[in-house]
There are 2 protein chains.
Amino acid sequence: MTPPPSPGRRPTMRDVAQEAGVSTALVSIVVRGAVGASEATRGRVLDAAQRIGYVRDERARLLRARRSMDIGVCFETQQPFHHKLLDVMYAAVVSTEHSIVLSAVTPSRGEGAALHDLVAYRCGAIISLGSRLPSQELSEVASGIPLVVANRSMGQELDWVSSDDEQGIALAVEHLVELGHRDVVFATSAGAAGADERNEGFTAAAEKSGAIGEIVEGGSTEVSGAELAVALLERDELPSGVIAFNDRSALGMLDVFVRRGVRVPHDISVVGYDDSEIAGRSYVQLTTIAQDTQAMGQAAVELAVSRIVDEFEGGVRPREVGLAPGASETSFPRRSPEVSSLRIPTTLVVRMTTGPPRSV
Amino acid sequence: MTPPPSPGRRPTMRDVAQEAGVSTALVSIVVRGAVGASEATRGRVLDAAQRIGYVRDERARLLRARRSMDIGVCFETQQPFHHKLLDVMYAAVVSTEHSIVLSAVTPSRGEGAALHDLVAYRCGAIISLGSRLPSQELSEVASGIPLVVANRSMGQELDWVSSDDEQGIALAVEHLVELGHRDVVFATSAGAAGADERNEGFTAAAEKSGAIGEIVEGGSTEVSGAELAVALLERDELPSGVIAFNDRSALGMLDVFVRRGVRVPHDISVVGYDDSEIAGRSYVQLTTIAQDTQAMGQAAVELAVSRIVDEFEGGVRPREVGLAPGASETSFPRRSPEVSSLRIPTTLVVRMTTGPPRSV
DNA sequence: GTGAAAGCGCTAACAC
DNA sequence: GTGTTAGCGCTTTCAC
C-alpha cells in the first residue's frame, strides 16, 4: 500500500513484473483482465502491483491501443441541465469498456477549444452538450472523430438528440384544456433555443383543442416572468392559464402573484418548463414539463458507442496487416453516411400550480 | 482544412514533416513553439499542418514529457459552487503552460474513482473540490501526486484552502448588531460541513458585541428553514434578526414570512449564507455572506502550481543523467513537508432583507 | 537551422 | 501459460 521510501520514479509494469517475478506481458494481461494467465499468477501480479502502488498509465495505454473507447463530453459549467446529463452519462458507461473524458466550456474557454482538447486526446467519439456552433464548424473541429450533439436539434448533417419541445408544449396545453381552461397564454422567449418549436407546438395544440391560444413575450428569467405577471394583472381579465417558457420565468410570475394576493391555481394556473430542481421543492410545487434527462443522456451515449463500433468495422484492420510502412495514405476515417436524429418525448409533471379555472 | 479523402489513419508529425519537406524534430519544435526554427520554416510547417488537418496527440506528448504541467480537478456535478470554481480555475490557467484535466464525482462514481483517473493520467498535481474523504485515504489514492483540497478545511497533513466560516458568521452578527439588533438567532445545521466553525464564530461574535445570541437548528434546505420560521412565529416574541445556515434555509424562512404577512426586514431581518445565484435575484434580494470564489479558485491553482514546481526542483534530474537502467529504486517523488492552509475571508453582501429592528 | 535516433509505458502479435 | 519484441506519436539529446 505505502510506496517504498526511495527517490524518483513511479512504478511501471516493469517494476510490477520484477516484483512478481514475471514478464511485463503477463502483467499487462493481468491488469487488463485479459485471458491467458493462471489464477495463481494473476494473484501474484495483483499483489505485487498493490504492494508497490502501481497505477496503470492511461496515456500510454491509450497511445498503444489501436482505437479509443473513450467518449469525450463537452459541457458548459453554467448549465445545470448539463450536470444532470453528465450524471446519466457516467452511469451509462459504468461497467462497460467505455469511459468518459470531460472538457468544459467556461466564460474563458470557448467550445472550439473544449472540443479541440477532446480531439487531442483521440477520443473514440465526442458528445457536445447544447453546442452553440454551426454544424459545419463542428465537423471541422471534430476532424473525423464521430460527433453527437445532445440537447439541441441540428440539421441533417449531424447526429443529434434533443427534447421534443413541440410535443412538450402540447402536453401543457392539453393539460390545461382538460382541466377546463379555454383561454391560455404561452409566454415565449423570443430568440431562445427551442422557441420556434415551442411556439408552433403551442399554436397547433391550441387550435386542435379549440382553446384560445395567445402568445406573448415572457422571457427566460424570473425578472421577465415577474414583469409579464404584472402586465397580465393590469388586464381587465386574467387569463385562466399561463404556460411559461421555463421554470425561472414561471417562478417570477408566481412571486408576483403571491405578493399581490392572486391565488394559484384558483385564480390562475401556471405551468413551467424544465422541471428544474426548484420546481419540485415543497414550497413551490410548480406544475411543469420535464425533459427526459435519462433518455437523452442514454441515447447520446448509445449513439456515440455505435459510432465507435462503426469505426471499428469500417476500419482498415484487414488491409493494415502486412502493409509496408508509409504505404497507407494519411487521412481520417470516413463517417457513416446515415445520421441519426432523435427527439425525446417530454412528460408533464402535475403539481400544485394548476387546477380547474375559477369559472368552472 | 479539409482532410484528404483516403482511408484510415490520422495525420501524425511524420505526415506534417513529409508535407512540409522537413524532419519530424523540426515539426515538434514548431508546434511546441520552441526556439530553433526559422520564420520561413515555421510558416511552412504550420501551413502543412493546417492543410492536412494535423492535431497534436496529447497522449503521446504527455507520455514523452518528463513531467506533466496538468492540474487534475476533481469536482461534484451536483455542486453549483464547484462549477463556479471550475470557471475561476480555467481562467487562472489561461495563457500559462498549465491546463486543467477534469474528473467528475457523480451519484454513480465515487471520489476514489475520480481521483484514481487523475492519477492514471499522471497529472502534475490534483485539486479536489470539497473532498469527502479523510486525509489519510486522500494521500493514499493520490499516491505521491501533490494534492490540494479546496472548499473544505482539513488537518495539518494536507494542503487546503477554504472559506473562513468563523469570520463569515461574525460578519453577519456584526452587521445586525450595527443595525441595532440585540437578540439574534443563528439557525445552524448540525453535522453539516463548517457547522462547528460557524457555531463558534457566532457565539464569539455575539459575546463580543454584547448581543443575545441563540443557536437553534435550522437545517440546510428550504423545507427545514420554513419549519424553523413556523416555529419562530409560534413564540411570544419574534427575534429581531435571524442568520440562516445557508441561502436555501433563508429562502424557506422568507417564503413562510411572506405568506404569513410578516414583513422583512421590518418585522425581522434575515441573513443568508453563500450568496447563491438566487439570493441576488431581483425578487429575492437576500442579504448574505459571500464566499470569495475568485480568491479560493485562484489560491488552489497557485498552490497546485507551486507543488508542481516543487517536484521539478526536488526531482532526481541531476542524478538521473547517466544512471544505469534499473539502478534507481522504484518509488514516488517525495512531498514537501510543509503544508499550506489558507482561510479565505468572506464578505457581507447587504441587500433588502436586513434593516433596523422594529423597536428602533 | 536541421536530421537521426532513442525511448516514455504500454499492448499485442508471435514464439516457445 | 509465459516471455520476446515491435512499435503507438511524441520530445529531446546529439551530431552535422
Side-chain angles (χ1 to χ4, degrees), chain A residues 8-18 20-45 49 52 54-69 97 119-122 316-317 320-326 328 330, chain B residues 8-18 20-45 49 52 54-69 97 119-122 317 320-323 325-326 328 330:
Chain A
R9 282 169 39 231
R10 283 199 73 91
T12 72
M13 275 193 168
R14 278 248 299 268
D15 301 313
V16 178
Q18 205 168 329
V22 296
S23 73
T24 59
L26 216 25
V27 175
S28 173
I29 286 173
V30 170
V31 297
R32 275 180 2 237
V35 294
S38 65
E39 265 321 303
T41 312
R42 198 170 290 276
R44 252 186 326 138
V45 169
I52 66 177
Y54 170 73
V55 176
R56 183 168 51 164
D57 191 324
E58 199 66 3
R59 307 166 301 180
R61 187 187 68 75
L62 252 17
L63 179 59
R64 192 56 180 84
R66 1 182 95 269
R67 267 170 184 45
S68 171
M69 289 296 184
E97 53 191 340
V119 174
Y121 273 106
R122 301 292 191 268
V316 290
R317 211 107 68 89
E320 206 171 34
V321 175
L323 206 63
S328 90
T330 290
Chain B
R9 281 170 40 230
R10 284 198 73 91
T12 73
M13 276 194 167
R14 275 250 299 269
D15 302 312
V16 178
Q18 204 168 329
V22 296
S23 73
T24 60
L26 211 26
V27 175
S28 173
I29 287 173
V30 171
V31 296
R32 276 184 356 241
V35 294
S38 64
E39 265 321 302
T41 313
R42 197 171 290 275
R44 255 189 321 139
V45 169
I52 66 176
Y54 171 73
V55 176
R56 183 168 51 164
D57 191 324
E58 198 66 3
R59 305 166 302 179
R61 186 187 70 75
L62 251 17
L63 179 59
R64 192 57 179 81
R66 5 182 89 268
R67 270 175 185 38
S68 170
M69 288 296 184
E97 53 191 340
V119 174
Y121 273 107
R122 301 291 190 267
R317 214 105 67 89
E320 207 170 32
V321 175
L323 204 62
S328 91
T330 290

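Throughout, protein chains are lettered first and strands after them, A, B, ... in sequence-line order, and every chain is numbered starting at 1.
By the salt bridge (Lys or Arg N to Asp or Glu O under 4.0 Å) test, A/E39 is found to be paired with A/R42, residues two or more places apart in sequence or in another chain being considered. For A/S38, the side-chain hydrogen bond (donor to acceptor under 3.5 Å, both in side chains) test picks out A/T41, with sequence neighbours left out. Under the salt bridge (Lys or Arg N to Asp or Glu O under 4.0 Å) criterion, A/R61 pairs with A/E58, sequence neighbours left out. The salt bridge (Lys or Arg N to Asp or Glu O under 4.0 Å) check on B/R44 picks up nothing, with sequence neighbours excluded. When the side-chain hydrogen bond (donor to acceptor under 3.5 Å, both in side chains) test is applied to B/R32, the partners found at least two apart in sequence or on another chain are B/S28.
Phosphate proximity of D/dT2 to A/S38: present, with a side-chain N or O under 4.0 Å from OP1 or OP2. A close approach under 4.0 Å does occur between a side-chain nitrogen or oxygen of A/T41 and OP1 or OP2 of D/dT2.
Nucleotide C/dG9 holds its C1' atom 16 Å from the CZ atom of B/R67, rounded to whole Å. Rounded to an integer number of Å, the gap from CZ of A/R42 to P of D/dG1 is 9 Å.
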A correct 5'-to-3' footprint of nucleotides 9-16 of chain D, with B, S and - meaning base, sugar-phosphate only and no protein heavy atom under 4.0 Å, is BBBB----
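Panel note: side chain B/R59, backbone A/R59; no donor-acceptor pair is recorded below 3.5 Å.
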